[in-house]
There are 2 protein chains.
Amino acid sequence: MSVSVKDVAARAMVSVGTVSNVLNRPDKVAPDTVTRVQAAIVELGFVRNDAARQLRDGRSRSIGLIVLDVANPFFTDIARGAEDRAAEAHLTVLLGNSDENTARETSYLDLFEEQRVHGVLISPLGDVRARLERLRLRGTPTVLVDRQTDDKSFSSVAVDDVAGGTLAVSHLASIGRRRIAFVGGPGSIRQVADRFIGARTAAKATAGMTLEVISTDALTVLEGRAAGQAIMAREPAERPDAIFAANDLLALGVLQALNMAGVSLVPQEIALIGYDDIAFASAAVVPLSSVRQPSELIGSTAVDLLLREVAGGDEFAHEQIVFQPELVVRDSTAG
Amino acid sequence: MSVSVKDVAARAMVSVGTVSNVLNRPDKVAPDTVTRVQAAIVELGFVRNDAARQLRDGRSRSIGLIVLDVANPFFTDIARGAEDRAAEAHLTVLLGNSDENTARETSYLDLFEEQRVHGVLISPLGDVRARLERLRLRGTPTVLVDRQTDDKSFSSVAVDDVAGGTLAVSHLASIGRRRIAFVGGPGSIRQVADRFIGARTAAKATAGMTLEVISTDALTVLEGRAAGQAIMAREPAERPDAIFAANDLLALGVLQALNMAGVSLVPQEIALIGYDDIAFASAAVVPLSSVRQPSELIGSTAVDLLLREVAGGDEFAHEQIVFQPELVVRDSTAG
DNA sequence: TCGGGCTATTGAAACGACTCATTCGCATCG
DNA sequence: CGATGCGAATGAGTCGTTTCAATAGCCCGA
């Protein structure tokens, strides 16, 4: 059925070893032999069988990436950064979407383990530490993405979410807002928790500021809309005068809800700021203020760290890289 | 290093064949043997090596999906639909992003071929027919996504883009617009070409309607913004009174540009309609009218067709499925 | 007690590429 | 003319799983 090195060897009248050499170290083979073998390859339409290669050297040429939500441009940007850097190292990225669901997260880890993946990049959801330790014992290193570890046992690439939260709420304070609502959840997601901590810090530092939490079940446009509707259901006096949403998807949802109410409340009545600065933020009903993270850079850096771990072996000092977020002010927090 | 069936067999004091049977047909094995083997598996932390399985049965348990742009929510939706359906059949989806770039497209096809992928779903860019024929000869069927074939030699799932184009422009006509601009490109992308054809048809059917083309190099927010700026650079009298953008990303970009100009021109001066109805369309500065496609359904249907081809063997009658698009009217074409 | 009919288990072969110790052929040198 | 050195080519063995024909063991009926 499928053409194998053996067929190529037969046709070129050389041994399989030579074919393999032509494929992998052509300089070790006499020029005319190379030509002959390559001709045979073309004539027969030979294509390497990756499974056989993988079997032989015990690991695949892919790295697994598990993100919380592919529908979130922040993560597709990370994926793109990772993919580009991986391609330079002749590696492929397998993209898994945990969808903020631990079962899916686990099932992707299972898959990656069966595939003997080169390494794993993960934006973890549940408590996967034990799992990752096991992978490491097997020789598959992990880099945590968008998350710092408490201990130093893993490499990680993250953005300082506490600082980001502070950035957002300080900004709201600076435009005179005092009754802040934090929209986000579940709190088990570390990014959400940290952004809230940062927000709380800033709130405490501001005289007369109150901070309430409106919690959501996921970081999606839909959940944001629900939160926005809950706010609009209140008496106007009971509403916050500023909202900090844990990410842009939520913020856009909130914005939709506030706008469906008819009058345009943002930013006069209610200021709104999101997080991630996805491409759509600037195109929103009211261009959205946000906290920008260097997403592609996160992805490519994660791959760099991973490759370093792969090369370094066990006795590698894990590295924790933390980027700083950046405030982006637009109309939604004007005045 | 890695634990193999052999180790499990030794520990459970059975043969490797029996371990394999426990893994694949536990009903053929005596109950207490099953228990013993499973215990050994847990104790040793055995995980199947996928490469070896693939090598054995000649193909992987993945299907390859090549899309034009992962940053476009339309395609991530398709991917999600495909992934869910594939998971039901215990298959994985490898997502490749051609980025509207034939070199990348080819390189993903190479990769999938080396991986002996189960089948390929592709939203083709260049002329890949020959390539796909070759894959088919190797036993790897293809389903074209978001594209109908001219001949009937491939299965395909598509949406009637000509109808969609007509839908959009007829709608613009119905709200009294006559000087239409079509923003889109490159024309080599079939979706773009078809939507334009549909637009032209509708334009011709409308008395006094003119249709100009403002062409772009890609279907991105950035390109859309450039097109919008080009329009704003004109004398107001020279500007169109309605814009049909080939997709929502472009439309959002155009919208940004028109809005940066300060005054809010949409929809009074210029009506705007996009295509795809991505989730962000309704959250735009001016909620965007669009033409909706059933994206997740496209993805899952494509996998269905693919599986049918895999099962059906060579003598399978290829199926062409065409969905109808649907007009979604929002503020950007109000009045 | 022997044989037939079961079920449970075995173990070797096969999948395809890669590696590496070995061999081959040839030219150069003493 | 034999020894030495060197580049080129070889081919068996390996990776881990699955398959399948063959075997082992067992019970039951004749």
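On a predicted model such as this, the values are computed, not experimentally measured, just so you know. Residue numbering restarts at 1 for every chain, and letters A, B, ... go by the order of the sequence lines.
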Bend angle of the helix from C:dT1-D:dA30 to C:dG30-D:dC1, end axes from five pairs each (to 10°): 70°
Could you check how far CZ of A:R61 sits from P of C:dA17, rounded to whole Å? 12 Å
Side-chain atoms of A:A30 come closest, of D:dG16, D:dT19, D:dA9, to D:dA9
Please determine, for the side chain of A:R56, which listed nucleotide (D:dT18, C:dC18, D:dG16) has the closest atom? C:dC18
Considering heavy-atom distances to DNA chain C, does B:V14 or B:R116 have its closest nucleotide positioned more toward the 5' end? B:V14
For the side chain of A:N21, starting at C-beta, report the closest nucleotide among D:dT17, D:dG11, D:dT10. D:dT10
Just N and O in the side chain of A:T33: are any of them under 4.0 Å from OP1 or OP2 of D:dA9? yes
At under 4.0 Å, does any side-chain N or O of B:S20 touch on OP1 or OP2 of D:dT18? yes
Tell me what B:V19 touches on the nucleic acid: a base, only sugar-phosphate, or nothing, going by heavy atoms under 4.0 Å. nothing
State whether B:E113 and B:R134 are salt-bridged, where the test is any N-O pair (Lys NZ or Arg NE/NH1/NH2 against Asp/Glu carboxylate O) under 4.0 Å. yes
Using whole Å, report how far NZ of A:K28 lies from P of D:dC6. 13 Å
What is the distance, to the nearest angstrom, from the NZ atom on A:K6 to the C1' atom on D:dG11? 11 Å
Can you identify which nucleotide, out of C:dT9, D:dA8, C:dC18, has its nearest atom closest to the A:R48 side chain? C:dC18
Salt bridge B:R104-A:D84, side-chain N to carboxylate O under 4.0 Å: yes
Quick one: do B:E133 and B:R136 make a salt bridge, cutoff under 4.0 Å? yes
Apply side-chain hydrogen bond (donor to acceptor under 3.5 Å, both in side chains) to residues A:E114 and B:N49 and explain how you reach the verdict. CA-CA 5 Å; A:E114 289 197 0; B:N49 183 326; over 6 Å; no
Nearest whole angstrom, please: distance from the P of D:dT17 to the CG of B:N24. 11 Å
From CG of B:L55 over to P of D:dT19, roughly how many Å is that when rounded to an integer? 13 Å
How many whole angstroms separate atom CD of A:Q54 from atom P of D:dG16? 13 Å
Hey, does the side chain of A:T18 come within less than 4.0 Å of D:dT10's phosphate (OP1/OP2), counting only N and O? yes
Which residue is it: A:E319, A:Q320, A:E309, A:R308? I am looking for the one with a side chain to side chain donor-acceptor pair (under 3.5 Å) to A:S155. A:E309
Euclidean distance, atom CZ of residue B:R25 to atom C1' of C:dT9 [Å, nearest integer]: 13 Å
In plain terms, say whether A:R116 and A:D57 are close enough for a salt bridge, that is, a side-chain N and a carboxylate O under 4.0 Å apart. no
Assess whether side-chain hydrogen bond (donor to acceptor under 3.5 Å, both in side chains) is satisfied between A:S62 and A:Q115, documenting all intermediate values. CA-CA 9 Å; A:S62 302; A:Q115 305 243 37; over 6 Å; no
Output the rounded distance in Å from CG (A:D27) to P (D:dA9). 12 Å
